[in-house]
Every structure is written in C-alpha cells, then in structure tokens.
Number of protein chains: 2
Amino acid sequence: MTPRPRPDRRALLDELTSRGVRITAQRRALIAVIQDANRHLDAASLLQLARGRVPGTNRATVYRTIELLKRFGLIDELDLMHLDGEKHYYEASARRDHFHLACFGCGRIEEFTSPAFEQVKADISSQAGFEIRVIRLEAGGLCSMCAGSAETSRRRETPKKD
Amino acid sequence: MTPRPRPDRRALLDELTSRGVRITAQRRALIAVIQDANRHLDAASLLQLARGRVPGTNRATVYRTIELLKRFGLIDELDLMHLDGEKHYYEASARRDHFHLACFGCGRIEEFTSPAFEQVKADISSQAGFEIRVIRLEAGGLCSMCAGSAETSRRRETPKKD
DNA sequence: CTGATTGCAAAGAATTTGCACTGCT
DNA sequence: AGCAGTGCAAATTCTTTGCAATCAG
C-alpha cells in the first residue's frame, strides 16, 4: 500500500480535467465543499452546501457527481455504522489511511490509525492475492468518555431537511 | 478478543429465551434460515426462505427480527461493498472472526482472517480507549482469479466518464 | 458545434411505522 | 390474562432515472 500524498483542490480538479472530465460550476462547488469540509458529509448536506455556492444545484447532480468521484477514486464512501439512518457519508479519499470509530453513546466520530491496519492490508494482498481497490474499516461502540460514564445513552439527533 | 465457539441453533434460541425474548414460529424460522445459510442473505431472501417454513411471514417481521438479533449481538450486518444495491446482508455473528473481500470482477465474496486484525482491535481498545461493540472490515477489489486474467477484470481499467 | 451535464419530476429500492389483531408465557 | 409480537398498508428515507434544455470544450 503506497500512501498517496494528499492532493489539494487544484490537484483534484486537474486530475479530473486531465482525464477529460468536464468541469462545471456544480462540480467545482461540490469538490470545494468536500475538500473544505471539517466533518463527514452526507448527500443532503453536500447539496445544501453546494447550493451556497451554486444556487439551484440539484439533488440528482449531487448523486451523479458523488458517483463520478467515487469511480475516479477521489472520494471514499462511509457508512459510519448507520448511526443516523442509512445514508452515506463522503470524504476526500487521498488522505492518510485511517478508519472511523462511531460512538453509540454520544454519536461522535473518531478517526483512528494503526500500523496493524497496514499489516492487515498487506496480508490481504500477499495471502489472498486480492487486489484491494477500496477498503473500509468501521467500528461502533463506546468512546472513552461514554464508556466511562455508564449512563450516557442519549443519542445525538440531527435536524433533517432537504 | 477471545474467539467464541460457534453456537448451534439451540444455543441461539436458548440465548434469546434466557433473556426473556418470546420465541414465535416466525423467529424460529428466521433463526433457522440464518444458521442454515451457506451464503450471505439479505432481507428479501430472508423473507422468502422464512416463508418456506412459516407461510405468510411478513416483511416487517423480518426487519423487526433482524433488529432484535442485531441488538442481542447474535447476527452481524454486512454491506459487502454494495456490490448489488444498498441492501444489507446478515450472518450469524458468533463465528470465528473474519471479514469479507468483495470482488468487483466476478462478484464473489471471500472470507478472510488475519492476526493483524486482532491487533487492530487491540489497538483501538488500548490506544483510543474505545469499547468496541461491533466492528466491520470490508474490502472491494479483484480476487486472485480476476486480478490474474486481464479479461475478467473489465472494471479494472480507467473508469469511463459519466 | 455537439455531446456531456444539468434540472426536474417521477420512479425505485430498502426499510420503518401506526394500528388492530393474535398468540406466547 | 396481559402484553409482546404480527400482518397489513401506507409512509419514510435515500438514491436513481428519463427526458428536454443547457453549457463546456
């Protein structure tokens, strides 16, 4: 597993144009939103934020762009243990390898890395001869804070809107 | 992480009754179906197979039973890289720890174990202080057969534009 | 120019819910 | 008996699609 450097926004756009993909205002907005995000965004949030930059952007365009970026390996899709419905979350993919710990107590998502994870990937390649294209590791449970206090079972709620 | 022995059907039922859960014909059928399964089943297959044992079993009951078994940690939910839609797949959870490799070429699901995976879990506990309740590792890519032959790996080449 | 991309509206897939009835324990 | 569990149908949530209009290269 060769760790790729994290590409900046330009690199992402360049990557697309160099592959002959047309850059529209909507796609530019969505890429910007994803790269500027400090949290994991679902399709609805992506839509809302993209509309802040390009009003009138449509839901379908968001899904089509997600599909596009996934195909080019530029974003990763997460489930985050379905802590809040069955939607998916997205993040720019070329970051340092990490995975997510979703707390059932407070709803917080923690990022985590472990050298052993690299070893797992190496094992998959060498032992199973499996050529990994995407890999996803997620855990659900109680974060250190919630595990400490026995009675922290209030789920965090998220406002819903289209 | 102590590897648990694989419980037989009786143990699963006993586990439920001992926890005060009522055993209905539908639940019995669903548990039997899950334990006898030699493949990963989605809700629709579960429904169909359960109806073979208890005709008239309803879709809602399947989902409610899945929810129940998940809550009791008796089954695990898988996505299998969404190789075929967004549905979920289920398997009895108390088997030897393993994870799944989903081949984009032939669609086959391979099971895999690695001691390094145990190490990852240990790291999560000791370093993050995170109390794991469920953990899911899935990889998508090309299995050894599909990676070998350039033919089979139709999805390996540069993704097409949208 | 011209085919790729978009918006729109409607459809689709997977799952959930309210309610009256049924059947475990 | 009493309440957890079920069936039914409709509702919800998330995502996809067909088609005509639009726009990037």
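These numbers come from the heavy atoms of this one structure, side chains and all, not from hydrogens, waters or symmetry mates. All of these numbers come straight from a predicted model, not from anything done at the bench.
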Report yes or no: do B:Glu138 and B:His100 form a side-chain donor-acceptor pair below 3.5 Å?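 Short answer, no.
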Donor-acceptor pair between A:His40 and A:Glu111 side chains, under 3.5 angstrom: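 A:His40 vs A:Glu111: donor-acceptor pair found between side chains.
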Atom pair distance, as rounded to whole Å: [atom1] in [X] and [atom2] in [N]:
| X | N | atom1 | atom2 | answer |
| --- | --- | --- | --- | --- |
| A:Leu68 | C:dA4 | CG | C1' | 11 Å |
| A:Lys70 | D:dT15 | NZ | P | 9 Å |
| A:Ile66 | C:dT5 | CD1 | P | 16 Å |
| A:Arg53 | C:dT6 | CZ | P | 16 Å |
| A:Leu30 | C:dT6 | CG | C1' | 12 Å |

Write out all pairs satisfying ring-ring contact (aromatic ring centres under 6.0 Å, His included) with one or both partners inside [range], taking only residues at least two apart or from two chains.
| range | value |
| --- | --- |
| residues 17-36 of chain B | none |
| residues 112-136 of chain B | B:Phe99-B:Phe112, B:Phe99-B:Phe117 |
| residues 46-83 of chain B | A:His88-B:His82 |

Any N/O pairs under 3.5 Å between the protein and nucleotides 22-25 of chain D? List them or say none.
from   : atom 1 : to      : atom 2 : distance (Å)
D:dA24 : N3     : A:Arg22 : NH1    : 3.3
D:dG25 : OP1    : A:Ile23 : N      : 3.2

Please round to 10 degrees the angle between the axis of the first five pairs and the axis of the last five pairs in the helix from C:dC1-D:dG25 to C:dT25-D:dA1.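 So the angle between the two local helix axes works out to 50°.
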Mind checking what makes side chain to side chain donor-acceptor pair (under 3.5 Å) contact with B:Gln119, not counting sequence neighbours?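 B:Gln119 satisfies side chain to side chain donor-acceptor pair (under 3.5 Å) with B:Asp123 only.
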Residues in side-chain contact (heavy atoms from CB on, under 4.5 Å) contact with B:Lys87, at least two apart in sequence or another chain: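 With sequence neighbours excluded, B:Lys87 shows a side-chain contact (heavy atoms from CB on, under 4.5 Å) to B:Asp42, B:Asp84, B:Tyr89, given in chain and number order.
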Given D:dT6, C:dG7, C:dT5, identify the nucleotide with an atom nearest to the side chain of A:Thr57.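 The answer is C:dG7.
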Output every pair passing salt bridge (Lys or Arg N to Asp or Glu O under 4.0 Å) with a member in residues 127-137 of chain B, not counting sequence neighbours, ordered by first then second residue.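 Sorted pair list: A:Asp79-B:Arg136, B:Asp79-B:Arg136.
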Check salt bridge (charged side-chain N to carboxylate O under 4.0 Å, His left out) between [X] and all other residues, then give those that pass, not counting sequence neighbours.
| X | result |
| --- | --- |
| B:Arg27 | none |
| B:Arg64 | none |
| B:Glu77 | B:Lys70 |

Each nucleotide of nucleotides 12-22 of chain C classed B (base within 4.0 Å of a protein heavy atom), S (only sugar-phosphate) or -, in 5' to 3' order, makes --SBBBB----
Between B:Gln26 and C:dG23, is there a contact of a side-chain N or O with OP1 or OP2 at under 4.0 Å?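 For C:dG23, neither OP1 nor OP2 has a side-chain N or O of B:Gln26 closer than 4.0 Å.
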